[in-house]
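Residue numbers count from 1 along this sequence.
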Amino acid sequence: MPYQARSSDRLGPVPADGRPARPKPVRRASGEESSAPAVGDRFFRDMVNSMRNGVLAVTREGALAVMNDEAYRIFGLTPAASDIGNQYADVLRVHHDIVRVIASAFELSHLPNRVELRLKATGKVIGYTLSVISDDDGQTCGAALFFKDLTRVEQLEERERLRDRLAALGEMAAAMAHELKNPLAGIEVMAGLLRRKVADSPDAQSIIADIISEAKMANSTVVEMLDFVRPVRLERGRTAIAQVLHTAVSMAESKAPRGAVSVELVLPDDLPLIQGDEHQLCQVFTNLVINAFEALGGKGHIRITAAAGTMEDEAAHKGDGASHVPTMVVEVADDGPGIPGDLKDRVFNAFFTTKAQGSGLGLAIVRKIIDAHDGRIDVATAPEQGTRFTVTLPLLSAADEWFQ
């Protein structure tokens, strides 16, 4: 909100000779005088607007007296010069929950302190303290709301709770997977022995071949499940992303039929090295290329690009200064049928798959490895317009940044 300087903001008039005026004495409560200058309203307005917390104050009559820039940002409102002096219920008309909180300041005997509230209009979480404002006679003349945006903190706490639940689920799944691997291996061995016993029976050979194939497929699912539930332990090193991508394409060709699909690699010679686990990153891009091969069904085009970029540091908070970290951005795009819009947000979910045969863990594992690298993966797709996966990886790990 623009502020107009007033005469009360100045410390006093300047005499004609140009010398600063001598400040008037200020009488203290004890009776002694002080020559310290009085602080004007502008200083206090600047102080409130500079605070990292939201500040909102209203008069006893319901007029908005103070609302700083952070409060406007948290509420998602645009500052207007007419807001001050207007009824706060009108200014905050989209935030009925906040209007009720402020109104309670004049009704409750014990006001809330350090309470969390999720704003219905925006979904943001705030932590607030409500106080009454008293005049020199001790009469209530207004109320003040002090609050902070806790949305990011809430998200981190929810992510931590989810990690705890996944860890417990992972331990159970790992135990089950280990128990399943042994009988599956036994089935394969016994089927192989039985195949030798009935070498002269084509029908029996066909059935046994199916048994072995299904056992191998089940074992592959178990292995993927173990990969998904195990914690990712990275062995970081100086990694050339170009080498990773070339290896990933070769590995994908050995695991999935390529057919007539053409693969284009656009990799500048001056790509910087990243701090990452070469083996795990190779698994990431192998899975993405395999997905592209399967989506194209033997014909089409895959384009893989890599370039240096930047992304905002999620650890940086509002008011602490914007922070951007150098990154490597890799895109794997195909011109296949694309992903239906209602399925796009589910492709990274564990056990979700649209394939007739598949565990639904490939992209879930990809995302898990990317998260372990403090990176990000996004998908852009449309029916009959192909699919593009964008992987963003920081060039340095958090430990490396600390020592920079």
Main-chain N/O of [Y] paired with [X] side-chain donor or acceptor, under 3.5 Å:
X: Asp149; Y: Thr151; result: yes
X: Asp97; Y: Lys120; result: yes
X: Arg236; Y: Gln275; result: yes
X: Thr390; Y: Glu331; result: no
X: Ser206; Y: Asp203; result: no
X: Asn68; Y: Val55; result: yes
X: Ser104; Y: Leu108; result: no
X: Arg118; Y: Gly123; result: yes
X: Thr327; Y: Leu393; result: no
X: Thr286; Y: Met251; result: no

Taking side chain as C-beta onward, heavy atoms only, is [X] less than 4.5 Å from [Y]?
X: Ile365; Y: Gln283; value: yes
X: Asp83; Y: Asp90; value: no
X: Leu64; Y: Leu56; value: yes
X: Phe75; Y: Leu119; value: yes
X: Leu92; Y: Ile102; value: yes
X: Asp277; Y: Ile369; value: no
X: Tyr72; Y: Thr78; value: no
X: Ile274; Y: His373; value: no

Lys216/Glu188 ion pair, N-O < 4.0 Å:
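Answer for the salt bridge query: yes.
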Over all atoms of both residues, closest heavy-atom pair of [X] and [Y]:
X: Phe389; Y: Leu363; result: CZ-CD1, 4.1 Å
X: Pro268; Y: Ala306; result: CD-O, 3.3 Å
X: Ser134; Y: Cys141; result: C-SG, 4.0 Å
X: Thr140; Y: Arg60; result: O-CD, 3.8 Å
X: Leu281; Y: Gly276; result: CD1-CA, 4.3 Å
X: Val366; Y: Ile377; result: CG1-CD1, 3.7 Å

Straight-line distance of [X] [atom1] to [Y] [atom2], nearest 0.5 Å:
X: Leu245; Y: Ser250; atom1: CG; atom2: OG; answer: 11.0 Å
X: His95; Y: Lys124; atom1: NE2; atom2: NZ; answer: 8.5 Å
X: Leu395; Y: Arg238; atom1: CG; atom2: CZ; answer: 8.5 Å
X: Glu61; Y: Gln87; atom1: CD; atom2: CD; answer: 9.0 Å
X: Leu267; Y: Ile241; atom1: CG; atom2: CD1; answer: 9.0 Å
X: Leu296; Y: Asn291; atom1: CG; atom2: CG; answer: 10.5 Å

Passes side chain to side chain contact (heavy atoms under 4.5 Å, CB included), Ile98 versus Leu145? Steps please.
CA-CA 9 Å; Ile98 293 297; Leu145 187 72; 4.2 Å; yes
Side chain to side chain contact (heavy atoms under 4.5 Å, CB included) with Ile304: which of Val266, Asp334, Val263?
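Answer after filtering Val266, Asp334, Val263: Val263.
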Reference residue Gln280; test side chain to side chain contact (heavy atoms under 4.5 Å, CB included); the match among Leu234, Val244, Ile370, Thr239:
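Only one option passes, and that is Leu234.
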How would you list, by chain and number, every residue that makes a side-chain hydrogen bond (donor to acceptor under 3.5 Å, both in side chains) with [X], sequence neighbours excluded?
X: Thr247; result: Gln243
X: Asp136; result: none
X: Arg388; result: none

Could you note down all residue pairs passing ring pair (Phe, Tyr, Trp, His ring centres under 6.0 Å) where residues 257-294 supplies at least one of them, sequence neighbours left out?
none
Under the ring pair (Phe, Tyr, Trp, His ring centres under 6.0 Å) definition, can you give me all pairs with a residue in residues 105-132, not counting sequence neighbours?
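Output for this query is empty, none listed.
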Check ring pair (Phe, Tyr, Trp, His ring centres under 6.0 Å) between Phe146 and all other residues, then give those that pass, not counting sequence neighbours.
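Once residues adjacent in sequence are excluded, Phe146 has no partner under the ring pair (Phe, Tyr, Trp, His ring centres under 6.0 Å) criterion.
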Within 6.0 Å of CD in Glu264, more than 12 heavy atoms from elsewhere:
yes
After noting the C-alpha distance and the side-chain angles of Val94 and Thr122, does the key distance pass the side chain to side chain contact (heavy atoms under 4.5 Å, CB included) rule?
CA-CA 9 Å; Val94 298; Thr122 62; over 6 Å; no
